[in-house]
Number of protein chains: 2
Amino acid sequence: MISRYAFGSMIETDAVLHKPPIRTDRFSKLSVNEASMSLSLHLHEKDVVYGLGENVRGINKRGWLYRSKTVDEPDHSETRNSLYAAHNFILIDTDEPFALFFDYAGIITFDIGFTHLDEMKISLSDWNFDLYLIEGGDKIELVRQFRKLIGKSYIPPKWAFGYGQSRWSYHDADEVRTVVRKHRDAKVPLDMVYLDIDYMDGYKDFTVNEAAFGDLSVFTAEMRRENIHLIPIIDAGIKQENGYRVYEEGLEKGYFCVKEDGSPFIAAVWPGKSVFADIMNPEARAWFGEQYRVLVDKGIEGFWNDMNEPSIFYTEDRLKSVFAEISEMQGENMGVERFWHFQSIVNGLTGNEEDYRCFYHRYKGELIRHDRVHNLFGYFLTRGASEALCGMMPDRRYLLISRTSSIGMHRYSGVWMGDNRSWWSHLLLNMQMLPSLNMIGFLYTGCDLGGLTCDVTEDLMLRWLAMGIFYPLMRNHSAINTRRQEFYEFDLTDAFRSIISLRYRLIPYLYSEYMKAALRDEMMFRPLAFDYPEDEHASTVEDQLMLGRELMIAPVYRQNADGRYVYLPEDMKLLRFRVDGSMEEEVLEKGHHYVKVPLTDVVFFLRRGKMLPLAEAAQHSGAVDFNKLSFIKFGDQNMTYELYDDDGCSVSACDEKHFRIIGD
Amino acid sequence: MISRYAFGSMIETDAVLHKPPIRTDRFSKLSVNEASMSLSLHLHEKDVVYGLGENVRGINKRGWLYRSKTVDEPDHSETRNSLYAAHNFILIDTDEPFALFFDYAGIITFDIGFTHLDEMKISLSDWNFDLYLIEGGDKIELVRQFRKLIGKSYIPPKWAFGYGQSRWSYHDADEVRTVVRKHRDAKVPLDMVYLDIDYMDGYKDFTVNEAAFGDLSVFTAEMRRENIHLIPIIDAGIKQENGYRVYEEGLEKGYFCVKEDGSPFIAAVWPGKSVFADIMNPEARAWFGEQYRVLVDKGIEGFWNDMNEPSIFYTEDRLKSVFAEISEMQGENMGVERFWHFQSIVNGLTGNEEDYRCFYHRYKGELIRHDRVHNLFGYFLTRGASEALCGMMPDRRYLLISRTSSIGMHRYSGVWMGDNRSWWSHLLLNMQMLPSLNMIGFLYTGCDLGGLTCDVTEDLMLRWLAMGIFYPLMRNHSAINTRRQEFYEFDLTDAFRSIISLRYRLIPYLYSEYMKAALRDEMMFRPLAFDYPEDEHASTVEDQLMLGRELMIAPVYRQNADGRYVYLPEDMKLLRFRVDGSMEEEVLEKGHHYVKVPLTDVVFFLRRGKMLPLAEAAQHSGAVDFNKLSFIKFGDQNMTYELYDDDGCSVSACDEKHFRIIGD
C-alpha cells in the first residue's frame with residue numbers, strides 16, 4: 001500500500017507517474033519536526049536501512065550521513081557525503097518493513113545512525129515535498145510497489161549488453177580502428193567503442209573534430225560493418241562562442257539559465273566559458289534533445305551524458321574576485337592561515353556551492369533559484385535527450401547513460417557509477433551500488449571497469465572484469481595520464497579472452513533477467529536478505545548479490561587473495577569457468593565456505609532447482625545465438641528457464657510476449 | 001647469514017651498527033642492471049613479498065609500485081606510492097626465503113609486480129648503496145638476523161603502554177583538566193594527554209603559550225599528581241623570527257640547511273617562514289636535541305616529533321614566482337587547461353619536489369643536495385632529540401615517537417602511523433603495518449585510533465579501540481574541524497570503559513611481549529605465515545596477526561558487521577570479553593570460522609598450551625599490579641608464562657634478568 005503525504009507545496013519532479021491522492025491524516029511513521037524541518041526514527045539494533053541509490057558505503061546504509069545533492073565528486077571515499085546522484089528512497093527492514101520516498105528537488109540530509117547509532121534523522125532544505133510511505137509485503141514487494149509508482153525502466157538495445165572499450169580519449173579514427181582490430185585479432189569480443197571529449201571540435205557539443213575522425217558518417221558505417229557501435233559523449237555545458245550555432249540558437253530563444261538580472265549564466269567547463277540549458281523549461285529541454293540529431297544523422301545510436309550535475313569548474317565572476325583577492329596578497333608575509341586561505345579560494349572555485357545559488361531557471365512564469373531544483377538538472381536534460389531520440393529514431397532503441405541522476409530518470413536512461421578510481425575498494429563499492437540502483441529503477445548500469453582514474457594493475461583489471469561480466473553495462477574505461485587498460489596492455493591475454501567471452505555466453509541469461517526486471521518492476525540484483533528474509537546472517541552479507549532468479553555472485557575484491565569467503569543461504573552449485581575453457585561444477589552446502597578463485601577463473605553460484613542457459617562464444621552481441629543454448633542445472637528433476645528474446649532493437653518489441661519457457 | 005655488497009660509495013645512514021666486510025664476489029640473487037640502475041627478480045605465483053615497513057596496501061606487498069621517499073602524505077589511499085617513511089627492507093618468501101636491505105639515503109622505487117605481475121624491479125636514484133642479503137632459516141630467523149644487524153629497538157617507559165587522549169588541539173590547561181576529569185569520573189583509564197601545536201607560543205618550538213597553560217612546570221606537576229603525563233608535539237621547522245632564541249642561536253652557529261649560495265633555506269610550515277636544522281651535521285643535531293631541555297626542565301618526559309619528512313607548505317621563492325605567474329593570468333580568458341594550470345601551480349606549492357632539490361646539507365666538508373639524503377632527515381633529527389634526552393634524563397626512559405622514519409631510527413624512538421583518516425579501510429591498513437614495522441625494529445607503534453581527519457562514527461571508534469588495545473602505542477587522536485572523538489562524545493560509555501579497561505588488564509602481557517621482542521630482536525606482531533610456514537592458507541591471510549607467543553588477533557573492520565571470518569591455523573581458544581565484564585571461552589577447531597562479535601565485545605584467540613596473564617582493572621598504568629594476575633589457559637596441563645617486569649622507568653632496568661617464569 002502506498003500513502004502519499006504532502007508537506008507544503010512541492011516543485012514538480014516528474015518522478016511519480018500517477019500520483020495517488022494526498023492522505024489527510026497526520027504522517028506518524030516517523031516523528032515529524034517542522035521547526036527543524038526534519039523527521040526522525042528510532043532504529044532497533046537489528047534494523048537494516050537499504051536504499052539511497054548510487055552512494056558511498058555499504059548495502060546497509062546505517063552508520064553514516066548522506067547528503068542527497070548531485071555533485072561532480074571524483075573522490076568516492078567512505079567519508080564523502082554526496083556523489084553524483086540524488087536518490088531519496090530508503091527501505092527500512094524492521095519488524096514490518098516499509099519504505100519512504102521523498103519526492104523533492106532540493107537537498108536532503110539522511111543521518112542514518114551517524115550522530116547516534118540508534119537514530120535516523122532526515123532533514124530537508126525547505127518544507128515543500130511529497131512523502132510516500134510504502135507498506136505491506138516483504139522487501140521485494142515494497143520495491144515492486146515503488147517501481148509501479150515511478151514507471152517502467154529504460155530498456156537499451158541488445159547490443160548494449162556487449163562489451164565496451166573506452167578511454168579518455170581515443171583521439172582519432174585510426175586509434176579507434178587499432179582498438180577494434182586488436183580485439184578482433186585476439187578474439188576478445190567487443191561491441192562498442194566510447195568516444196570521450198576529444199572527438200569534438202574544441203569540446204563543443206554536437207560537433208566533430210573532422211581532422212581526426214573525417215566524415216563521422218563514413219566512420220560510423222565502417223565501424224558498423226565491424227559490428228562496432230561508436231558511443232560519443234555529450235557534456236552539459238554549451239560553449240559560449242560567437243558563431244557556434246548551438247550557442248547562438250539557444251541564446252536567441254532564451255533557452256539558457258540566467259543570472260538574477262536575466263543575463264545568461266556563464267561558467268567554465270571543458271570548453272571554457274559555457275552556458276547551460278534551462279532544464280525547467282520543457283521547450284529548452286526539447287531543443288537540447290533535438291541537437292542530438294546531428295550525430296544521429298551520422299549513424300550514432302548511443303550516447304553518454306556527462307558533467308550534468310551540472311559540474312562547474314569556475315564562474316567568471318568568482319574567478320575575477322579571487323584574482324582580485326590574490327592581487328592584494330602579493331608582497332604579504334604569508335602565515336600558514338593566509339596561505340591556506342589562498343589555496344582554498346583557488347580550489348574553492350570548482351564546484352563552489354555559492355555558484356549554484358546565483359543562477360536561475362524559469363518555472364511557472366517566475367525565476368526559481370537553481371539550488372531549489374539542482375537535483376533535477378541532469379535528469380531533465382537527459383530526459384530531453386531521450387524524448388528527442390525517441391522522435392528521431394521511431395521504434396528504435398538507443399543506448400543512453402548519464403553520470404548524474406534522480407528518481408524518474410530511470411525511465412529515460414541508464415547510469416554509470418561516476419568517476420571511480422582503480423581501487424580494489426571500488427570494485428566492492430560499485431558492486432554494492434547495484435541493488436540500491438535497481439530498487440529505484442536504474443537497471444542499465446555499471447561502473448568504469450578497472451577504474452577511471454589512478455593506475456590499475458593487471459590483477460585488479462581481471463578481478464574487476466570477472467565482476468563486470470554481470471553488469472548490464474560492461475565498460476572498461478580509464479582516464480588520461482593513467483595506465484592504459486585495454487586488455488592488450490597486459491600479459492594474460494588468455495584470461496581476458498576467457499572472462500570477456502564468458503560474458504557473451506551469459507548474454508541470453510542477462511538479457512532475459514534484465515527484461516524480467518524491466519517489464520515486471522523487479523530488481524535484477526538483490527541483497528541476499530531480499531531472497532532469504534528469514535536468514536539472519538544473510539542481512540549482514542555486503543559482498544554477495546542475488547542475480548536474477550538463478551544465480552548468486554560473489555566477486556573477489558582483495559589483492560593477492562587466492563579466493564574468498566562465501567555464505568550460502570541454501571545449498572548451491574558452484575560453477576567455475578577456467579581459462580582453458582573448461583567448466584567445473586560442485587555442490588556446496590548451505591553455510592560458510594572458503595572458495596578458492598585463481599586470478600584467471602570466474603566463479604559464481606547456481607540455486608537449487610534452477611538451470612542457467614549459456615550461449616556459444618561469440619565475437620559480438622549480434623552473433624550470440626539465443627537458439628543454440630546449453631544448460632547447467634542444479635538438480636536431477638526436469639526444469640525450465642524463462643528466456644526472453646526479441647529483435648533487440650525495436651521499442652515495440654519489449655513485451656511480455658517475447659518470453660518463452662525452455663527446458664527439458 | 002648476512003652478506004654485504006657495496007655498489008658505488010654510499011652516504012652513511014647509520015642504519016647498520018656493525019657492518020660485516022664487503023663481499024667481493026658478484027651479487028647474483030637478483031639480476032643487476034647498472035645502466036638502468038635497477039635490480040630485478042622473477043616472482044613465482046606463490047611467492048609472497050613482505051616488508052617495506054609503514055606503507056600502503058596489504059601485508060603481502062605484491063601488485064603495486066612503492067616509492068621509498070618520506071612525504072607528508074595525508075592521503076593513505078591504495079594508489080599512493082609513498083607515505084611518511086622510507087623502509088627499504090623486503091623479505092621474499094619463496095622456496096628458500098631471503099631478505100634484502102638497501103642501505104641508501106636516496107629514493108628507491110620498488111615495482112613489485114606492478115608492471116608485470118611476475119616481476120619485481122627495484123630502481124635507485126643513483127648507484128651508491130650497500131645491499132645486504134640475508135639468507136638461511138625461516139622468516140622469523142631472517143628477521144632476527146636483520147634486527148641484530150641494525151641494533152636494539154627503542155624501549156619506552158611502562159606508562160607509555162597506557163591509554164593516551166589527543167586532539168588537535170586542547171587549547172588550554174582547563175581543557176586538558178576537563179579531558180582528565182571526564183575520564184576519571186567515568187572510570188575510563190588514562191595515562192597521557194597529548195598537546196598538539198597550539199600549546200606553543202605561535203607554533204614556535206620549545207616555547208609555551210603561558211596565557212593558556214600558565215607555568216607549564218606547575219601544570220605538569222598537577223597532572224602527574226593525577227597520574228597523567230603531558231606529551232607535547234615538536235615540529236621540524238624552526239620559526240624565522242628575530243628575537244626568537246632558538247632561531248638566532250642556530251643561525252649564529254650555522255646549524256641550518258642552506259641554499260646553494262650559503263644563505264639559510266627558508267620554507268613555510270606552521271609558524272610561517274621557518275628554517276631547518278642541518279641533520280647531516282652532528283653538532284647541529286645535538287644542538288637541536290638540546291633544545292628539548294626547556295620542556296624537560298618543566299617535567300615533560302615524552303614528545304611526538306612531527307612534520308619531519310620534512311613537510312614544506314611553501315617556499316618563499318616559489319611563492320613569489322607563482323604570484324608573478326598569476327599576475328600575468330589576470331584578464332586572460334582562461335580555458336580549462338589554463339585554469340587547471342592555475343590551480344596546479346597553487347597546489348603544487350606544497351611538498352613541491354623541486355623545493356627538495358634546492359637546499360643543502362654540510363657533509364664531509366662539502367655541500368650535499370638535500371634530495372640525496374632526504375630520507376634521513378626526520379631520522380637524524382629524532383636521533384638528535386633522543387641522544388640529548390638520554391643526557392638530560394640519565395638512566396630514565398622517555399616517550400618519543402616520530403611521524404617520519406627510516407631504518408636505524410628504531411633505536412631512538414617509536415613511530416605513529418601518520419595522518420590517517422576515519423576510514424574503516426584504515427583500521428585494516430594500520431593493522432597491516434604492524435608486522436612490517438616490527439620487522440625493521442619499530443616496536444613502539446600505533447595509529448591515531450578513530451582516525452585523525454574526517455568524521456568518525458561511534459561504531460568505527462569502538463571497533464578501532466578494540467584493535468587499538470593491542471597496539472603498544474594506544475592513542476585516540478583527531479584533527480581540528482572534525483567530529484570530537486573522546487569517549488564522552490558518544491553514547492555507549494560502558495563499552496568504551498570496558499574496552500579500554502581490558503587494555504589495562506593486558507598491560508603485563510603486552511609489556512612482557514614487547515620486552516621479549518625488544519631484547520631478543522623479535523617481532524611482537526607477525527603475519528600468520530611466520531608462525532605456520534607450512535600452512536598454505538596462512539600466507540594469504542591479510543586481516544589477522546599473531547601477537548606474542550600466545551595470541552592471535554582478528555579485529556572487526558567492516559561497518560555493520562555482526563562478526564567476521566577468522567582462519568585458525570590450529571585449534572585455538574576464543575576469548576570473548578563482554579561489556580558487562582564477563583568473559584567467555586570457547587575452543588574452536590583449526591580451519592575457517594564465522595565468529596560473531598557484537599559492537600561492544602572484544603574477541604581474540606589463545607593458542608593451545610598457552611596461558612595469558614591478566615591484571616586487575618586499573619585507572620592508570622601505575623596502578624596495574626603485575627603481582628596480582630589471573631590466568632586464562634588453553635589446555636589442562638600445567639603451563640607457564642614468561643613475565644617481564646621492572647621499574648618501568650629506568651634504562652638500565654631493561655634487561656633479561658627481569659624475566660621470570662610464572663605458572664602453576
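Below, read A as the first sequence line, B as the second, and so on, with proteins coming before strands; counting in each chain starts at 1.
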Visitor: Tell me, for A:Glu45 versus chain B, whether the close heavy atoms (under 4.5 Å) come from the side chain, the backbone, both or neither.
Guide: neither

Visitor: Is it true that a side-chain atom of A:Tyr314 and a backbone atom of B:Met334 form a donor plus acceptor pair closer than 3.5 Å?
Guide: yes

Visitor: Give a yes or no on whether the ring-centroid distance for B:Phe313 and A:Phe339 is below 6.0 angstrom.
Guide: no

Visitor: For the residue pair A:Trp64 and B:Thr457, confirm or rule out a side-chain donor-acceptor distance under 3.5 Å.
Guide: no

Visitor: Tell me, do A:Val336 and B:Tyr203 make a side-chain contact under 4.5 Å, heavy atoms counted?
Guide: no

Visitor: Taking all heavy atoms of B:Gln343 and all of A:Leu349, pick out the closest pair and write down the distance.
Guide: NE2-CB, 4.5 Å

Visitor: Verify, without hydrogens or angle tests, whether B:Tyr565 (side chain) and A:His592 (backbone) share a donor-acceptor contact under 3.5 angstrom.
Guide: no

Visitor: Check B:Ser327 against A:Gln330 and note the closest heavy-atom contact, atom names and distance.
Guide: OG-NE2, 2.9 Å

Visitor: Carefully, step by step, assess A:Arg57 and B:Trp424 under the rule side chain to side chain contact (heavy atoms under 4.5 Å, CB included).
Guide: CA-CA 10 Å; A:Arg57 304 240 162 184; B:Trp424 290 84; 3.5 Å; yes

Visitor: Any chance you could measure A:Asp562, atom CG, to B:His537, atom NE2, to the nearest 0.5 Å?
Guide: 6.5 Å

Visitor: For chain B, which of A:Thr115, A:Leu460, A:Thr453 has the most heavy-atom pairs under 4.5 Å?
Guide: A:Thr115

Visitor: Could you pull out the closest heavy-atom pair between A:Phe323 and B:Ile326, with the gap in Å?
Guide: CE2-CG2, 3.6 Å

Visitor: Against chain A, work out which of B:Ala324, B:Gly58, B:Ala268, B:Cys454 has the most heavy-atom pairs shorter than 4.5 Å and name it.
Guide: B:Cys454

Visitor: At their closest point, which heavy atom of A:Phe114 faces which heavy atom of B:Arg483, and how far apart are they?
Guide: O-NH1, 2.9 Å

Visitor: For B:Asp491, which atoms come within 4.5 Å of any heavy atom of chain A: side chain, backbone, both, or neither?
Guide: side chain

Visitor: Please classify the contact of A:Arg338 with chain B as side chain, backbone, both or neither, using a heavy-atom distance under 4.5 Å.
Guide: neither

Visitor: Which pair of non-hydrogen atoms, one from A:Ser425 and one from B:Glu78, has the smallest distance, and what is that distance?
Guide: N-OE2, 3.3 Å

Visitor: Kindly give the heavy-atom pair with the smallest separation between B:Asp455 and A:Thr79, and that separation in Å.
Guide: O-CG2, 4.2 Å

Visitor: Roughly how far apart are B:Glu316 CD and A:Asn333 CG, rounded to 0.5 Å?
Guide: 7.0 Å

Visitor: Given heavy-atom pairs under 4.5 angstrom as the criterion, report whether the side chain, backbone, both or neither of B:Glu489 touches chain A.
Guide: neither

